[in-house]
Amino acid sequence: MAARTPIASADPAESRALNLLVSVCLVAVVLSAFLVIHSSHACRGLYAELQALEADQWFLQEDYSRLLLEESTWASHHRVEKVATGELQMHSPRMQELKVVTP
């Protein structure tokens with residue numbers, strides 16, 4: 001069996017530079033992981049807010065549709081004529097009440 005010989009150690013300056021590089025890479029990886037976690041959390045929060053806003057939009061659209069239907073009911077010709085004749089005592093003009101204006 002061959003005896004193991006220790007690998008000749010590199011220059012101490014190179015060893016420190018390599019350790020510093022490894023440390024910087026490790027910090028960069030950990031920082032990157034935390035930023036991914038933060039980004040995912042923010043994305044989920046914004047998606048939840050989007051869903052809530054879409055639900056609000058749906059309810060507002062339903063209310064708007066009901067209001068349009070109610071408005072068309074209140075503004076129907078039959079109802080307007082009924083209110084005009086019944087409550088306001090209005091009537092169509094008679095032939096004697098008509099006047100033709102010419103320029």
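Fair warning: this is a prediction, and the values are worked out from it, not measured in the lab. Both backbone and side-chain heavy atoms feed into the values below; hydrogens, waters and symmetry mates do not.
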Can you tell me how far [atom2] of [Y] sits from [atom1] of [X], rounded to the nearest 0.5 angstrom?
X   : Y   : atom1 : atom2 : value
F59 : D56 : CZ    : CG    : 8.0 Å
L21 : L26 : CG    : CG    : 11.5 Å
E70 : T73 : CD    : OG1   : 7.5 Å

With ILVMFWY side chains joined below 4.5 Å, transitively, what does [X]'s cluster contain besides itself?
X   : result
V36 : none
L88 : M90
L20 : V24
Y47 : L50

> What residues form a side-chain hydrogen bond (donor to acceptor under 3.5 Å, both in side chains) with E97, not counting sequence neighbours?
Replying inline: R94
>> Listing request: all side chain to side chain donor-acceptor pair (under 3.5 Å) pairs with a residue in residues 20-45, at least two apart in sequence or in separate chains.
In response: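 As it turns out, there is no side chain to side chain donor-acceptor pair (under 3.5 Å) pair with a partner in residues 20-45 once direct neighbours are skipped.
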> Can you list every pair that meets side chain to side chain donor-acceptor pair (under 3.5 Å) and has a residue in residues 81-90, with sequence neighbours left out?
Replying inline: none
Applying side-chain contact (heavy atoms from CB on, under 4.5 Å), name anything that partners [X], two or more places apart in sequence or on another chain.
X   : answer
Q57 : none
L68 : Y64, E71
R66 : E62, D63
L98 : P93, M95

